[in-house]
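Accompanying notes for the structure given below.
Bear in mind the structure is a predicted one, so any value in this text is a computation, not a measurement.
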Amino acid sequence: MKEVLGCGMRCSVGFLSRRMITGHPLMKEEFQRRRLAGCTSLYKKDMLGHFGCVNAIEFSNNGGQWLVSGGDDRRVLLWHMEKAIHARAKPVKLKGEHLSNIFCLAFDSTNKRVFSGGNDEQVILHDVERGETLNVFLHDDAVYGLSVSPVNDNVFASSSDDGRVLIWDTREPPHGEPFCLANYPSAFHSVMFNPVEPRLLATANSKEGVGLWDIRKPRSSLLRYGGSLSLQSAMSVRFNSAGTQLLALRRRLPPVLYELHSRLPSFQFDNQGYFNSCTMKSCCFAGDRDQYILSGSDDFNLYMWRIPKDPEAGGPGRVVNGAFMVLKGHRSIVNQVRFNPHTYMICSSGVEKVIKVWSPYQQPESMGDLEGRVEDKSRSLYTHEEYISLVLNSGSGLSHDYVSQSMQEDPRMMAFFDSLVRREIEGWSSDSDSDLSEGAILQLHTRGRRSTHSGRDGGLATPGPPANALLFCRDRTVQ
C-alpha cells in the first residue's frame, strides 16, 4: 500500500496534540517528554496583537489555557491560547490601561485576577472575566517584578527601581503602607515566592546579585548567591516547581543554576553565539520535571539547555557548553520566555511586536520543522548609518504614539536595537559619537542645518540621552 505523504509519525502527533493527548497522565507525560527529547527544533507561529515591544508574558496556572501579555503599547492583552493559535479569536484587552510601558505580569492561583506593573509606578489589579480594574497600588518608582503568594491570592510581592521589595495585601486599603522586605540603594529587577516554602522569596538586584529572603526576617537576606562573585548585575530569578533550585540571569554572563541553600553555582550554561548584554531579559525552567532551562539572547535566538543529571558534569567550572536546542525565528532581541508544562508550548517575545509560539506539535499555519532543516530568512543588522537615516527621516525619533495601532514591524525600533548589538560586537564606548541617542542625532542635525544657514560651526557637545530615548522595551536597555 502506498504511503500517503505526511501521514506518518508527524501526522499522528498532530492528531494526538489536537485532542490534548488524553489518557493516563503518566502516559501523556512520558509521550511529551520523549517527544521534546527527540527534537532538534520546534514548529513556530506568530501571534499578533500588540503595537510595540512585548515586555511581559505569563501563562495561566493549572493548564496554561490563557496567556497574558503586556508591553510598550501600555495594554494588557488576554489570549485564549487554543483559539488564538487556530485564529478563532483575537486577544481581549483588559480595560485597565497603564500610563507607560508594562514590565511585569502575574496571574493569581485561580486565574480570575491578573496583576500588571510597569514604568508608571503602579500595579493594576484586573478582573479577568469582566476586564474591569479592581484596584491600583501606587509605588514610588517603576515596577519591574511581580509574584503572587502560592498560598494566599490576596498577597503579592513587587520589586521596584527604588530598591525596595514590597509585600502587599489586596484586602488592605490602597493608601496603606505595604510591608517592606528589602531596601537597597540599587534596583530590584525580579522577585518570586518559593512555590513550596512561601515564607521564602528570591530576588535579582542590579548591583547586589541574587538573594534569598525570609519574610519573617526583613531587611537582611538569608543568602547571597554567587560566592565571591555575589556582587553582580542580576536581572531575573526563577524557582523550579519543587522550590529546590534557582535559575538566574546576570548581565554579560551565562544563565546560572543554584541549589536553594548553596551559594555556589551548580551549573552555568553557555553556547557559541549566546550573549546577554543589551536588554533586560527573563529565564525559566522547562520540561515536566524542570529538566531544561530557557533564555533569550541578543543574537535573536532562543536557547534551551538540558540540566545535567551528573552533579560533576561541566568540569571544575560547572559550565554546560552547548545548548540542547537553539530556536531560530525571531527578527530581533529575545527578552521574555515562558514554558507551559501541560502543553509543552513555549512563548517568547522581545523587541518585535509579536509573541512567538513554539511547539513540538504542528499547529495551523505554523512554520519550521522538528529537525531544523527549514532555514529561516535571516535579516542583516541595520548599519549605524542606516539607523541615523531612519531617525532623521522620521523627524521625531522613536515615538510612543500608538494611535496608528500598527502591528507591522517598526524599522526604527529594530534599527535602534541593532545599534546596541553592534555597539557590543564592535566595542563602542557608551559615550562615543558612534553611540548617539536619537535625541542627540536630531539635535545635531537641527544644529547642523542652522550652522549651514548661519555659516558658523555649531560646536555642539554630545548631550546625554534624553528621558524618552530609552522609554521602551522594558525602559531598561543595559548601558
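- Using the six-membered ring where Trp is involved, Y225 and Y258 have ring planes that are tilted, between 30° and 60° apart.
- Classified by interplanar angle (parallel below 30°, tilted 30° to 60°, perpendicular above 60°), the ring pair Y387/F416 is perpendicular.
- A salt bridge links K93 with E97; the closest basic N to acidic carboxylate O contact falls under 4.0 Å.
- With hydrogens and angles disregarded, a donor-acceptor distance shorter than 3.5 Å links the side chain of S233 to the backbone of S206.
- N194 contributes a side-chain N or O that, together with a main-chain N or O of G243, makes up a donor-acceptor pair within less than 3.5 Å.
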- prompt: How far apart are the C-alpha atoms of D127 and K95, what are their side-chain angles, what is the distance that settles it, and do they pass the salt bridge (Lys or Arg N to Asp or Glu O under 4.0 Å) test?
  reply: CA-CA 9 Å; D127 181 279; K95 296 176 183 178; over 6 Å; no
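- Of the candidates Y274, F324, Y292, W305 forms a ring-ring contact (aromatic ring centres under 6.0 Å, His included) with just one, namely Y274.
- Residues D299 and S297 have side chains that bring a donor and an acceptor to within less than 3.5 angstrom of each other.
- Ring geometry, H330 versus W358: the interplanar angle falls from 30° to 60°, so the pair is classed tilted.
- Ionic pairing of R338 and E58 is present here: one or more N-O contacts between side-chain nitrogen and carboxylate oxygen are shorter than 4.0 angstrom.
- Judged by the 6.0 Å distance and 45° axis criteria, R252 is not positioned over the aromatic ring of F275.
- At a threshold of 4.0 Å, the pair D418-R379 counts as salt-bridged, since one of the basic side-chain nitrogens sits closer than that to a carboxylate oxygen.
- Checking S116 against H98 by side-chain atom types alone, a donor-acceptor pair falls below 3.5 Å.
- At most 12 heavy atoms of other shown residues, nucleotides or ligands fall within 6.0 angstrom of atom CZ in R373.
- Under the 3.5 Å distance criterion, the side-chain polar atoms of N111 are matched with a main-chain donor or acceptor of N61.
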